[in-house]
Amino acid sequence: MTKKTAITEQVIQQANDLRQQINHHNYCYYVLDQPEVPDAEYDRVFRKLEDLEKKYPELVTPDSPTQRVGAAPLKEFGQVQHSIPMLSLANVFNEDELQGFGKRIASLLDINDPEEISFVAEPKLDGLAISIRYENGIYRQAATRGDGVVGEDVTQNVRTIKSLPLNLIGKNYPAILEVRGEVYMPKKGFYLLNKRQQEAGGKTFANPRNAAAGSLRQLDPTVTVTRPLALFCYGIGDVQGGVLPDSQSAILEQLKSWGLRVCPEVQRVKGVGGCLKYFQSVNARREQLEYEIDGVVYKVDRLVEQEKLGFVSRAPRWAIAHKFPAQEALSIIKGIDVQVGRTGILTPVARLEPVDVGGVTVTNATLHNQDEIERLDVRVGDSVVIYRAGDVIPKVASVVKERRPKRTRLFHMPSHCPECGSDVMRAEGEVAARCSGGLVCPAQRKEAIKHFNSRRAMDLDGVGDKLVDQLVEKGLINDAADQYGLNKQQLAALERMAEKSADNVLQALEKSKSTTLARFIFALGIRDVGEATAQNLAMHYGTLETIMNADEDDLQTVQDIGPIVANHIVRFFSQKHNRDVIQKLMKAGIHWPEIDVVSAPVDSNFLDKTVVITGALASMSRDELKDKLQALGAKVTGSVSKKTDFLIVGADPGSKYEKAQKLGVEVLDEETALTYINHSLRG
DNA sequence: GCTCCTCGAGTTCT
DNA sequence: CTCGAGGAGC
């Protein structure tokens with residue numbers, strides 16, 4: 001007889017105590033989101049229980065918190081018949097359809113005004129519906145929805161979800177309780193998982209929903225336990241040996257009291273008007289939510305009314321999903337065109353069957369370059385998934401290979417420029433293919449002029465892209481300088497151009513003549529010389545002439561200019577064509593104030609600070625703020641790093657905000673920033 | 001020679 | 001906004 005097997009009453013008691021403590025901490029941490037003890041303390045208690053169970057294996061119970069990963073991998077999932085079917089929901093996509101829903105149920109309930117009806121509104125999680133069975137308060141089984149009648153047995157995997165209580169708390173729960181809910185993956189967890197997968201060379205998931213589905217369908221629960229899954233409960237299925245309240249809202253409260261996790265966004269609202277208000281409020285906060293949602297769900301609150309309404313085929317009449325416009329849609333590639341940019345870079349663009357994505361009709365999507373096309377393996381005729389992520393720009397997410405028609409051909413970059421026929425070159429190690437035609441190429445000529453006219457360059461407001469196209473095609477202008485030689489007659493003869501408009505154009509041309517050296521240099525469009533570098537050059541040399549005459553060695557003494565950029569600059573100014581254009585421009589009367597190279601630095605809160613702006617500003621455009629900050633000696637950059645001093649946030653900030661917080665960068669809201677600025681201006 | 005940081009360039013639709 | 005690549009610092 002060894003000591004090890006001698007289980008005393010005291011040991012059993014101890015194990016139960018530890019389990020209770022752990023369950024309680026789990027509940028606080030995962031369900032209430034309010035931990036009571038530090039993680040280290042939790043770990044300590046957990047290890048203590050593990051040690052105890054190791055010492056006395058007979059102590060182990062299936063519902064012990066140490067047993068979240070209990071069983072061996074499965075060969076396949078068993079099937080589970082849902083005693084009460086798991087239904088789907090009907091959808092509405094706009095206000096009209098929702099009003100229709102309200103009227104329909106009001107008339108079925110013999111209520112005159114749909115605004116009288118109480119609803120429970122909640123976000124519609126983008127995850128997997130699941131049914132969880134408790135017997136006498138102990139977790140017994142979990143099943144996916146499957147076809148609604150028969151689902152897959154995922155008991156082992158759901159057991160690993162930390163926000164799932166293995167034991168219900170409280171007392172008055174029914175002997176058999178089936179809870180319905182949604183298993184999902186929080187955005188943050190998804191992001192970290194993908195990062196981990198990528199580093200390990202594994203495959204990454206396209207979105208949190210796929211990641212959740214993939215994780216739940218793992219046959220080996222030791223894999224699932226490493227996946228950051230979470231659970232929200234929103235309803236009930238089979239209930240035996242107990243009574244539940246008579247409204248949806250009260251049922252949810254009851255579920256909470258038993259330790260089940262309910263989405264904190266759930267709200268009771270009055271009438272269709274209340275539903276719409278809720279929809280807008282959730283929609284506005286959508287990005288900030290820690291999980292992905294694809295709409296909201298409204299359920300008639302009172303169960304008597306639910307019963308009265310009943311079902312239509314496989315969906316309840318008393319509930320409806322109000323979906324956000326699709327952020328993802330299927331389209332077909334009708335063709336792949338090649339565009340030529342200002343620098344001669346060839347960009348393949350997918351021409352799409354028009355499709356609604358997130359509320360706008362998308363017809364084009366860039367494919368960037370040959371590498372991207374090969375990575376996606378897109379071909380003309382393919383069905384593709386189009387999405388608009390955090391930003392506005394539509395992208396091709398993936399190709400639906402199953403739908404590929406027969407006899408498709410691989411896309412190849414043309415060997416000659418589609419605009420001018422010059423050879424196309426792809427420099428070694430570079431991704432971009434370039435037209436070698438230079439300004440012989442009409443596309444490059446047009447784009448160069450458009451760049452010259454653009455807002456942050458010469459700000460030539462009156463001569464837009466369309467007009468430039470026309471002028472170049474008619475042969476009226478060949479370069480930016482030619483614009484200043486246009487006369488009223490020539491302009492008025494153009495399509496959609498009356499005398500008045502012609503006058504406006506001439507006025508805009510006149511106005512643009514007054515500029516700054518930095519803008520002018522930027523406007524020239526020298527390769528790799530953008531706004532910042534142009535500014536550096538202007539500050540360093542002070543005059544155009546000195547810049548034009550500087551040699552490569554000298555140029556490299558300028559901030560941020562190395563051998564490559566220096567070479568581009570020297571080459572640009574060495575071409576006769578470019579020198580001629582510059583001369584013409586000067587003759588036309590382009591001028592700028594002389595630069596005081598030793599201009600006294602302003603004393604301000606922002607002097608020599610690196611500032612990043614994100615989100616939508618209320619009081620001014622981003623560019624205006626940028627100018628103001630620069631005037632105060634700040635350096636305004638595009639991305640947050642540890643060198644950033646301030647991040648100014650407007651409404652709906654993007655990923656920059658999170659990054660700033662992670663790096664401990666000081667964050668200013670718009671108001672505070674403006675206060676600082678005004679203060680600086682006075683001081 | 002490697003790594004981090006910035007800059008430049010391209011992009012969609014209303 | 002995102003990617004690629006040039007520049008600069010270690």
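Throughout, a chain's letter reflects where its sequence line sits, starting with A, and its residues are numbered from 1. Note that the coordinates shown come from a computational prediction; the quantities given were computed from them, not determined experimentally.
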How many Å lie between CZ on Phe452(A) and P on dA9(B), as a whole number? 16 Å
Taking only nitrogen or oxygen atoms into account, show me every contact under 3.5 Å that the protein makes with nucleotides 2-6 of chain B, one pair per line with its distance.
from: dT6(B); atom 1: OP2; to: Ser641(A); atom 2: OG; distance (Å): 2.8

To the nearest Å, give me how far apart CZ (Arg456(A)) and C1' (dA9(B)) are. 15 Å
Between Lys334(A) and Asp382(A), is there a side-chain N and carboxylate O pair less than 4.0 Å apart? no
So which one's nearest nucleotide on DNA chain C is more toward 5', Ala432(A) or Gln559(A)? Ala432(A)
Rounded to whole Å, please give me the gap between NE2 in His368(A) and P in dT2(C). 11 Å
Charged N to carboxylate O under 4.0 angstrom, Lys446(A) versus Glu473(A)? yes
Before accepting this row, confirm whether a basic side-chain N of the pair Arg456(A)/Glu531(A) lies closer than 4.0 Å to the acidic partner's carboxylate O. yes
Do Val396(A) and Val385(A) come within less than 4.5 Å of each other through their side chains, counting heavy atoms only? no
Taking atom C1' of dT11(B) as reference, at what distance in whole Å does atom CG of Leu367(A) sit? 12 Å
Whole angstrom is fine here: how far is it from NZ in Lys395(A) over to P in dT2(C)? 7 Å
Which of these nucleotides, dC7(B), dT2(C), dG6(C), is closest to any side-chain atom of Ile564(A)? dG6(C)
In whole angstrom, give the distance that lies between atom CG of Asn536(A) and atom C1' of dG6(C). 14 Å
Measure the distance from CD on Glu372(A) to C1' on dG10(B) and round it to the nearest whole Å. 13 Å
Atom CD of Gln339(A) and atom C1' of dT12(B) are separated, to the nearest Å, by 11 Å
Is there side-chain contact between Arg285(A) and Ser281(A), with at least one heavy-atom pair below 4.5 Å? yes
Using the side-chain heavy atoms of Val362(A), tell me which of these nucleotides is nearest: dT11(B), dT2(C), dC13(B). dC13(B)
Under 4.0 Å from OP1 or OP2 of dC13(B): is there any side-chain N or O of Asn364(A) that close? yes
If you compare every side-chain N and O of Thr361(A) against the phosphate oxygens of dC13(B) (OP1, OP2), does one of them come in below 4.0 Å? no
Residues Arg379(A) and Thr408(A): side-chain donor-acceptor under 3.5 angstrom: yes
Checking contacts here: which listed nucleotide (dG10(B), dC7(B), dC13(B)) is nearest the side-chain heavy atoms of Thr533(A)? dC7(B)
Winner on side-chain proximity to Thr347(A), out of dG4(C), dG10(B), dC1(C), is dG10(B)
Does any non-hydrogen side-chain atom of Thr637(A) lie less than 4.5 Å from one of Val611(A)? no
Side-chain N or O of Arg527(A) less than 4.0 angstrom from OP1 or OP2 on dG8(B)? no
Counting just side-chain N and O atoms, does Thr363(A) come under 4.0 Å of either OP1 or OP2 of dC13(B)? yes
